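Everything quoted here is computed from the prediction, not taken from an experiment. Atom set for the values below is all heavy atoms of this structure, side chains included, hydrogens, waters and symmetry mates excluded.
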Amino acid sequence: MDASLRSLHKNIFEWLAGPTGSVVIHVALILALLFLVNLATKEETPEIEVKVIEVDEQQLDDLLEDLKPPEELPDLVETITPPDVDMDMTPPPDVQDFAAAPVMDTVTELDIASDALSPIIMKNLSPGNMKNRSGAGRQAAIGAYGGKWGQYAEAAVLRALEWLRINQNPDGSWGTVSPDKEGYTGLALLTYLAHGETTASEKYGETVEKAIRYLISRQNDKGGFIAPPFTGAPKCYAHAIATYGISEAYGMTRIPSIKPVMEKAVQVLLDAQKHYDHGGWQMYAYDGSKGYGQWDISLAAFCAQALKAAYIAGAENPGLKDGMDKAARFIMSKQKEDGSFPYSNSNPGRQPNITGAAVLSLQLLGYGSEAATRQGLQYLRDADASWSRPPQAPLYAWYYVTQARFHQGGPAWSSWNEKCAPTLIRNQNEDGSWLSPGLALTGDGVEREFRGEEINTKVYATTLAALSLQVYYRFLPTYQPIEDKVIDQTSEDDISIEIL
């Protein structure tokens, strides 16, 4: 190496060893480390994929055309000849004209978020338990559980929804007087919600929204959908049914302003339950008075359905779950030795129709596998669904027996569906409504009343019949196992996402 080259190397070494060189080297090292850290971070950070799924809007007019039944329905084959059984019962009382509270001039505003378009939003249910209410899920459920009558039943439901839309009052209610209107509006709202119709629905969104607005406008500062005192059959039934409807409405829409309405209404039921040692509800009284009897399973059934709907929707009332358990224990404590349930202590005879109400309540409250429920279902094995030989309050009876048998599943369900579905389908009026079966003698000397053809009767019959035919997709049957995958949060730094 010549002298000039050795001199250059010496100068470079001295420069690197000096202050300037030291700074340059450290900066280079820092940049290299930052590059390596950035590279490692990119490799370790998982990518999050967001997929936006377009919800197909179902064209109900096209569906109605597709499901329009032919001129002749399939022949009805009697698969089971039921024996003569005593189907007598004291029906839920006729709803009469009580003093109507004035309707508010303006309806309560709903804080409807424009981006909250999910048709089904429920919690506290196993995954997918409500998915059958709309779209492909509904059609699949009809095929799975409807048998040969499923598509005819859906066509009948669509005609009923249209009849209800046409006959809705301008204020959003159904019926003629209060408290009838609150109860009938609750039943009609439940009928639309069962079909997956919400405020976001293209055809029935306005109908649903008006019904919700009406019920909200009717709630008073005590939480009731009817004016105090909370006594009398129409008032008690109306409040329980309206609470049921408004609870499902909140669960399926998540409109924020509905939640406090739901919780105030639920609190009326919970407070009423606390008045009595038996854990249930008094006959036609929420205020602690004795009412017309000491207890009433028919009213308790609607209260139980309302509490379960509120629980599913996420109501945060203290003691709600305890109230549901107390209701179940109350119902089970009234079962008779033969498996049946009575209407009340003042009418303790065998009540096949009330047995259906009691059994469904136990199933919904989480007691479907209890001995009392199984015995009640066994008692219902001879229940019939004859239009010409109806039980007392037949549509009320079939509403409960249909749901109880559906949750039971198996041959018990298919046998009942073969009886009830064609009876309802064949006896729907041309305009899409139903009337209760007419006056008939059953051979036991008891005349079954005909409740007339006025609008209240039509709304009552149409909603109960439609709800019975919607059983295929309202809820998954309780006997069907549902896969529930649990994802554990392994780090406090993980992002937790709750899917409602």
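Between Tyr145 and Phe406, the angle of the ring planes goes over 60°, which puts this pair in the perpendicular group of the 30/60° scheme. Note on ring orientation: taking the six-membered ring where Trp is involved, the planes of Tyr286 and Phe230 are perpendicular (angle over 60°, cut-offs 30° and 60°). Relative orientation of the His278 and Tyr276 rings is parallel, given thresholds of 30° and 60° on the angle between their planes. Relative ring orientation between Trp413 and Tyr472 is described as perpendicular, the plane-to-plane angle rising above 60° on a 0-90° scale split at 30° and 60°.
Looking at Leu307 and Thr243, their side chains never come closer than 4.5 Å, going by heavy atoms from C-beta outward. Residues Tyr184 and Thr176 fail the side-chain proximity criterion, which asks for heavy atoms closer than 4.5 Å. Inter-residue side-chain proximity for Asn345 and Lys334 is flagged as unmet; no heavy-atom pair is nearer than 4.5 Å. Looking at Pro229 and Lys235, their side chains come closer than 4.5 Å, going by heavy atoms from C-beta outward. The side-chain heavy atoms of Leu270 and Gln273, taken from C-beta on, include a pair separated by under 4.5 Å. Between Ile354 and Tyr400 there is no side-chain heavy-atom pair separated by less than 4.5 Å. Between Lys336 and Pro342 there is a side-chain heavy-atom pair separated by less than 4.5 Å. The side-chain heavy atoms of Ile166 and Trp163, taken from C-beta on, include no pair separated by under 4.5 Å.
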Could you walk me through whether Trp174 and Leu189 pass side chain to side chain contact (heavy atoms under 4.5 Å, CB included), step by step? CA-CA 10 Å; Trp174 282 267; Leu189 179 58; 5.6 Å; no
I would like to know whether Lys326 and Asp277 meet salt bridge (Lys or Arg N to Asp or Glu O under 4.0 Å); could you show each step before the answer? CA-CA 10 Å; Lys326 286 197 298 184; Asp277 294 336; over 6 Å; no
In sequence, state the C-alpha distance, the side-chain angles, and the governing distance for Gln363 and Leu377, and then conclude on side chain to side chain contact (heavy atoms under 4.5 Å, CB included). CA-CA 11 Å; Gln363 290 170 326; Leu377 287 168; 4.1 Å; yes
Could you walk me through whether Arg138 and Asn132 pass the side chain to side chain contact (heavy atoms under 4.5 Å, CB included) test, one step at a time? CA-CA 4 Å; Arg138 181 170 62 233; Asn132 286 352; 5.7 Å; no
May I have the step-by-step check of salt bridge (Lys or Arg N to Asp or Glu O under 4.0 Å) for Lys181 and Asp171, ending in yes or no? CA-CA 11 Å; Lys181 291 169 68 174; Asp171 64 359; 3.2 Å; yes
Side chain to side chain contact (heavy atoms under 4.5 Å, CB included), that's the test. Do Leu190 and Glu248 meet it? Break it down for me. CA-CA 7 Å; Leu190 285 167; Glu248 278 212 355; 3.7 Å; yes
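Between atom CD1 of residue Ile241 and atom CD of residue Glu182 there is a gap of 11.0 Å, rounded to the nearest 0.5 Å. Annotation: the span from Ser247 atom OG to Glu263 atom CD amounts to 9.5 Å, rounded to 0.5 Å. Rounded to the nearest 0.5 Å, atoms CD (Glu206) and CZ (Arg213) are 10.0 Å apart. Atoms CG and CD1, from Leu469 and Ile425 in turn, are 5.5 Å apart once rounded to the nearest 0.5 Å. Rounded to the nearest 0.5 Å, atoms OG1 (Thr462) and CD (Gln428) are 8.0 Å apart. The OH atom of Tyr214 sits 11.0 Å away from atom CZ of Phe225, with the distance rounded to the nearest 0.5 Å.
In summary, the side chains of Ser344 and Asp296 do not present any donor paired with an acceptor at a separation below 3.5 Å, with no hydrogens or angles considered. Between Ser386 and Asp384, the side chains place no donor N or O within less than 3.5 Å of an acceptor N or O (distance only, hydrogens not considered). Side chain to side chain, Tyr237 and Ser298 meet the donor-acceptor criterion of an N or O pair below 3.5 Å.
Relative to the six-membered ring of Tyr250, Arg254 meets both conditions, a distance below 6.0 Å and an angle of at most 45° to the axis. With a 6.0 Å cutoff to the six-membered ring centre and a 45° limit on the axis angle, Arg133 counts as a cation-pi contact of Phe475.
For the pair Asp431 (side chain) and Ser433 (backbone), a donor-acceptor distance under 3.5 Å is present. Counting only distance, with no hydrogens or angles, the side chain of Asn220 and the backbone of Gly223 share a donor-acceptor pair below 3.5 Å. Counting only distance, with no hydrogens or angles, the side chain of Gln335 and the backbone of Ala372 share a donor-acceptor pair below 3.5 Å. Without hydrogens or angle criteria, Ser201 side chain to Thr198 main chain gives a donor-acceptor distance under 3.5 Å. Looking at Thr423, its side chain does come within 3.5 Å of a backbone N or O of Lys419 through a donor-acceptor pair.
A salt bridge links Lys259 with Glu316: the closest approach of a Lys/Arg side-chain nitrogen to an acidic carboxylate oxygen falls below 4.0 angstrom. We find that Asp325 and Arg329 are not joined by a salt bridge, their nearest charged nitrogen and carboxylate oxygen being 4.0 Å or further apart.
Heavy atoms only, all atoms of each residue included: Met332 and Leu362 are closest at CG-CD2, 3.6 Å.
The only member of Glu209, Glu162, Arg165, His195 that meets side chain to side chain donor-acceptor pair (under 3.5 Å) when paired with Tyr204 is Glu162.
A distance of 6.0 Å or more separates the ring centres of Phe302 and Tyr244.
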